[in-house]
Amino acid sequence: MTALQYDPLQIEARWQQLWARERTWEVTNAHDAGGRSSNAYVLEMLPYPSGEPHIGHLKCYALGDAIAHFNRRLGRRVLHPMGYDAFGLPAENHAIKTGVHPRVSTAESIAEFQRQFRSWGVSIDWSRELATSEPSYYRWTQWIFLELFRSGLAYRKDAAVKWCPFDQTVLANEQVDADGRCERCGNLVEVRQLEQWFLRITDYAERLLNDLDAIDWPANVKTMQRNWIGRSEGAEVVFRCDELAIDYPVFTTRPDTLFGATFFVMAPEHPDVMRLVQGTEHEHEVHEYVNVALNETNEERGNADKPKTGVPLGRTVTNPVNGEQIPMYVADYVLMEYGTGAIMAVPAHDERDYAFARAFDLPIRRVIDPAGGSDAADDQPLPYTGDGVLVNCSVEFDGLPNREALGEIVRWLDHEGKGHASVNYKLRDWLVSRQRYWGAPIPILHCDECGLVPVPDDQLPVELPDIDDYTPKGRSPLAAAEDWVNTTCPQCDGPARRETDTMDTFVDSSWYFLRYCDPHNELAAWDPEALREWMPVDQYIGGVEHAILHLMYARFFCKALADLGHLDFEEPFQALFTQGMVTKDGAKMSKSRGNVVSPASIVERVGADAARCYILFVGPPDQDADWSDAGVEGVHRFLSRLWRLAAETAERCGPPSGAPEADTGARGDDLVLLRKAHWATDKVSGDLRRFAFNTAIAAVMELLNDCSRLRDTVDPQMLRFALATAASLLFPFAPHVCADIYERLAGERVWEAPWPNADEELLERDVYELVCQVNGKLRDRVEAASDASEDELKQLCLAAPNVQAHVDGKQIVKEVVVPGKLVNVVVR
RNA sequence: GCGGCGGUGGCGGAAUGGUAGACGCGAGGCCCUCAAAAGGCCUUGUCCGCAAGGGCGUGUGGGUUCGACUCCCACCCGCCGCACCA
């Protein structure tokens with residue numbers, strides 16, 4: 001008899017062909033089929049097609065596929081689509097280097113992604129596949145942009161923007177890292193004044209913050225979003241420059257310290273700085289300082305440990321609470337992008353203001369006393385940022401606890417017209433224009449007569465023209481396509497020029513999950529009925545690197561589109577799961593390190609099932625995992641053993657006549673194996689619900705170990721049942737081999753079989769091993785009946801030989817009985 | 001500095017306050033074989049002991065409890081996010 005040999009490549013090819021031929025994973029928008037509650041939308045973040053998929057993709061889609069399969073087996077109709085975030089800089093940079101059109105290189109990459117995703121056996125509804133670079137998709141990206149434009153949520157503004165000198169493009173704040181470097185190329189970013197397109201996400205700051213409470217996302221992602229939104233409560237207080245009759249509002253979270261404000265500082269970027277010193281003796285010095293400050297990198301400027309620098313403006317403003325004239329300075333520790341770009345400085349109660357005051361020998365006045373207004377106030381160290389009682393303010397406020405005074409002072413300011421309570425956010429409006437070629441053109445025309453004119457909807461898409469030269473020149477490469485740029489204004493029929501900037505690719509990916517619901521609609525971005533069937537996404541899966549940008553933008557889009565009447569929900573992703581990174585030898589995989597593990601080579605060697613199982617078995621999926629070739633081999637051995645024993649058992653049992661059923665009268669080893677199968681069913685079901693895929697796979701391993709151990713002593717039909725159960729439970733992780741095994745053992749398609757149910761009665765045993773402790777230490781184990789009384793358990797424990805040895809000669813103080821678990825005898 | 005997460009064998013990792021180390025990797029021994037590969041069986045936290053058994057053991061120090069990897073307090077270390085945000 002020839003030994004049966006597990007051949008993953010042959011098995012996987014066979015099932016993949018069947019699933020492709022029968023379009024097994026496609027779902028329709030059948031509005032009648034049980035409604036939204038019996039549907040599930042499982043979505044992994046769409047890949048950026050560059051080169052070929054890496055191990056991180058394998059982990060993401062293995063994870064999502066397990067969830068998709070589990071939901072299907074629970075009887076839900078599952079939408080599980082795939083697409084490509086196909087616009088973007090890497091393809092364009094590649095084009096600059098090689099001259100290959102981004103459309104061509106992107107298409108090649110997409111083809112490779114498709115090929116590999118299919119070779120992994122991921123259960124995707126390929127009929128809904130899309131790429132954001134297709135005109136049939138970006139036509140609707142442009143339509144959304146115009147909807148935002150028409151409602152005032154997209155606008156053009158001259159702004160100090162982050163500019164990457166290498167990529168020759170403007171960047172969003174979010175695309176500049178903490179060191180002031182371009183997220184993509186790592187070069188230091190500069191600041192330039194340019195007219196750009198923005199989306200008014202700041203209008204949604206409060207809702208983006210509050211609605212986090214209602215969604216099932218990881219705590220750290222919510223925290224990151226909250227930090228990024230950066231809400232602070234305080235007051236806006238007006239400081240007036242009487243000489244020039246200009247009011248300068250500032251934002252402060254500490255209006256209670258207003259009496260301690262002894263100077264006033266503006267950001268170097270503040271538009272009034274030069275105006276304030278024009279024609280004065282300070283003009284030259286200020287000019288020099290501002291120049292230096294603006295040329296500093298964010299890295300240098302953002303360092304909190306840096307000594308404070310600045311120069312006086314030679315002007316004063318009036319402190320509204322006490323009428324004092326306080327001097328104005330310009331200093332780079334004040335940021336233009338936060339608050340109003342100017343601050344009141346309270347050196348006694350703010351670290352930074354204190355450092356500045358010491359450096360410039362400015363007065364420091366304590367207005368809060370931690371000791372409660374005692375004579376010892378002056379002995380307390382400064383700066384003091386905690387709470388206390390107001391001192392040195394005015395008869396009206398002195399002696400009040402500062403938190404109380406805060407409200408009083410704001411009320412007073414409001415009454416006097418010198419300020420009001422205010423909320424400030426760190427979140428900035430989203431800069432979406434890019435001076436690059438490979439993106440969706442912004443569908444706006446510039447007409448000398450009519451100004452900014454939206455391209456009429458019936459003329460969408462504004463197609464990206466072919467060009468020969470992608471080299472960035474500080475303006476969009478599209479500007480060179482004269483025939484394309486010059487057009488006619490639809491309003492006045494006069495000459496008009498097309499907007500030559502393209503959109504940030506984050507715009508493309510902010511709504512793709514909507515398009516999957518209705519991907520072929522040529523009349524609209526989507527049919528609201530289709531969205532009602534699937535949205536919001538039940539389970540979204542992706543890397544934590546998108547915790548802020550993509551997830552915030554997508555949430556913003558849904559809220560804005562809901563306000564415009566296009567959606568009837570506001571949060572796109574009901575639940576989010578963030579997967580951990582896959583490392584090699586503890587380090588991030590990268591070409592420069594030379595430690596990249598290619599999924600294709602693994603699949604070729606041990607098959608997709610082993611690769612997928614391993615990546616989920618290695619540890620909890622939300623944590624980082626280190627790739628180990630030996631570990632993959634171990635999982636491959638497990639699948640081999642499973643398949644071989646199943647194939648042998650199938651031969652022994654003859655042709656299957658349907659799913660095996662357990663013999664309810666099983667005894668001895670048959671009962672042991674039957675119980676193990678039900679235990680595994682229970683364990684895997686629970687583990688799948690809590691994303692504990694590693695322990696779920698371990699449970700199936702245990703089941704197989706018992707099958708192997710008992711293979712010659714149990715009834716072959718029981719073995720058949722246990723192995724079919726193992727295949728059924730493992731199917732979400734290793735679909736091909738499990739489909740193969742299930743067919744051999746049950747003659748049925750495992751994905752059409754309902755998820756198995758664990759029999760409660762078989763999970764309980766009539767006897768169990770009672771743990772016997774003395775003073776909390778394990779001393780013996782004895783067999784106990786499940787229905788034994790507490791007294792009986794106590795007697796059993798005391799009768800255990802090794803318990804007696806430890807109790808002998810001592811006084812029993814008490815006995816703790818935990819039925820089903822243990823007895824603890826406390827002795828003295 | 002602030003916020004979040006984590007620290008368990010040689011390694012990845014298991015453990016609703018109740019047998020610490022499931023499952024896997026690695027290692028050692030054995031079987032099969034002319035031999036190897038593949039496969040199978042056994043051992044594997046650590047120390048003492050021939051064994052039975054016992055001591056120790058989840059970053060450190062305290063605490064709560066009959067009982068703590070798990071809960072509380074303080075600290076050390078590591079990772080991630082934010083950071084001159086007024």
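Chain identifiers are assigned alphabetically (A, B, ...) following the order of the sequence lines, protein sequences preceding nucleic acid strands; residue numbering begins at 1 within each chain. Note that the coordinates shown come from a computational prediction; the quantities given were computed from them, not determined experimentally.
Note: A/His546 and A/His550 have perpendicular aromatic rings, judged against thresholds of 30 and 60 degrees for the angle between ring planes. Aromatic ring pairs are classed by plane angle as parallel below 30°, tilted from 30° to 60° and perpendicular above 60°; the pair A/Tyr248 and A/Phe264 is tilted. Between A/His349 and A/Tyr384, the two ring planes are perpendicular [angle over 60°; tilted spans 30° to 60°]. Ring planes of A/Trp430 and A/Tyr553: parallel class, angle under 30° (limits at 30 and 60°).
Looking at heavy-atom distances under 4.0 Å, A/Arg231 makes no contact with the nucleic acid at all. Across all strands, A/His349 comes closer than 4.0 Å to no nucleic acid atom at all (heavy-atom distances). Using a 4.0 Å heavy-atom criterion, one finds that A/Thr252 contacts the sugar-phosphate atoms exclusively. Base contact: A/Gln773 has a heavy atom under 4.0 Å from a base atom. Residue contacts for A/Asp353: at a heavy-atom cut-off of 4.0 Å it reaches no nucleic acid atom on any strand shown. Within the nucleic acid shown, A/Gly634 comes within 4.0 Å of sugar-phosphate atoms alone, with no base atom in reach, counting heavy atoms only. A/Asn705 comes within 4.0 angstrom of the backbone, heavy atoms only, and of no base.
For A/Ser232, the listed nucleotide lying nearest its side chain is B/A86; candidates were B/A86, B/C85, B/G18. The listed nucleotides are B/C23, B/G26, B/G18; the one nearest the side chain of A/Ala630 is B/G26. In the set B/C84, B/G54, B/A86, the nucleotide with an atom closest to the side chain of A/Arg779 is B/G54. Among the nucleotides B/G54, B/G24, B/G18, the one closest to the side chain of A/Asn802 is B/G54. Side chain of A/Pro620, nearest nucleotide from B/A14, B/A22, B/C82: B/A14. Comparing B/C23, B/G40, B/C85 by their nearest atom to the side chain of A/Arg641 picks out B/G40. Minimum atom distance to the side chain of A/Val771 is reached by B/U19, of the listed B/A14, B/G54, B/U19. Considering only side-chain atoms of A/Thr253, the nucleotide from B/A86, B/C82, B/A14 that sits closest is B/A86. Here the side chain of A/Lys777 is nearest to one of B/G55, B/G81, B/G3, namely B/G55. Taking every side-chain heavy atom of A/Met224 into account, B/G81 is the closest of B/A86, B/G81, B/G18.
With its glycosidic angle more than 90° from 0, B/G28 adopts the anti conformation.
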I would like to know whether A/Lys676 and A/Glu702 meet salt bridge (charged side-chain N to carboxylate O under 4.0 Å, His left out); could you show each step before the answer?
-> CA-CA 8 Å; A/Lys676 190 70 182 183; A/Glu702 281 195 54; 2.8 Å; yes
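Computed from coordinates, the A/Glu337 CD to B/A83 P distance equals 10 Å when rounded to whole Å. In this entry the distance linking CD of A/Glu702 with C1' of B/A15 reads 12 Å, nearest Å. Atoms CG (A/Asp706) and P (B/C23) sit 10 Å apart, rounded to a whole Å. Rounded to an integer number of Å, the gap from CH2 of A/Trp679 to C1' of B/A14 is 11 Å. Here B/G40 presents its C1' atom at 16 Å from CZ of A/Arg709, a figure rounded to the nearest Å. B/U19 atom P lies 12 Å from atom CD of A/Glu769, rounded to whole Å. Following rounding to the nearest Å, A/Lys588 (NZ) and B/C79 (C1') show an atom-to-atom distance of 14 Å. Straight-line distance from the CG atom of A/Asn424 to the P atom of B/C85: 13 Å, rounded to whole Å.
Nucleotides B/A14 and B/G59, compared at atom P, are 15 Å apart to the nearest Å. For the P atom pair drawn from B/G18 and B/G67, the interatomic distance equals 14 Å after rounding to whole Å. The gap from the P atom of B/U70 to that of B/U19 amounts to 13 Å, rounded to the nearest Å. Distance check on atom C1': B/G10 versus B/A27 gives 8 Å, rounded to whole Å. Nucleotides B/G40 and B/G55 place their P atoms 38 Å apart, quoted to the nearest Å.
Base-pair partner of B/G78: B/C5 (Watson-Crick or G-U wobble, both distances under 3.5 Å). When both distances must be under 3.5 Å, the Watson-Crick or G-U wobble mate of B/G61 is B/C73. Across all strands shown, B/G17 forms no Watson-Crick or G-U wobble pair with both key distances under 3.5 Å. Both distances falling under 3.5 Å, in either a Watson-Crick or a G-U wobble arrangement, place B/A27 opposite B/U43. B/A86 is unpaired under the Watson-Crick or G-U wobble criterion, no partner having all donor-acceptor distances under 3.5 Å.
Screening A/Val237, A/Val238, A/Ile409, A/Asp247 against A/Pro320 for a side chain to side chain contact (heavy atoms under 4.5 Å, CB included) leaves a single residue, A/Val237.
Comparing A/Val826 and A/Ser640 along RNA chain B, the residue whose closest nucleotide (by nearest heavy atom) sits nearer the 5' end is A/Ser640. The nearest heavy atom of RNA chain B to A/Met344 and to A/Val635 marks one nucleotide each, and the one closer to the 5' end goes with A/Val635.
A heavy-atom distance below 4.5 Å is not found between the side chains of A/Glu545 and A/Thr578.
For the residue pair A/Asp669 and A/Thr713, a side-chain donor N or O sits within less than 3.5 Å of a side-chain acceptor on the partner.
Residue A/Asn824 places a side-chain atom within donor-acceptor reach of the base of B/C66, judged by atom type and a 3.5 Å distance cut-off alone.
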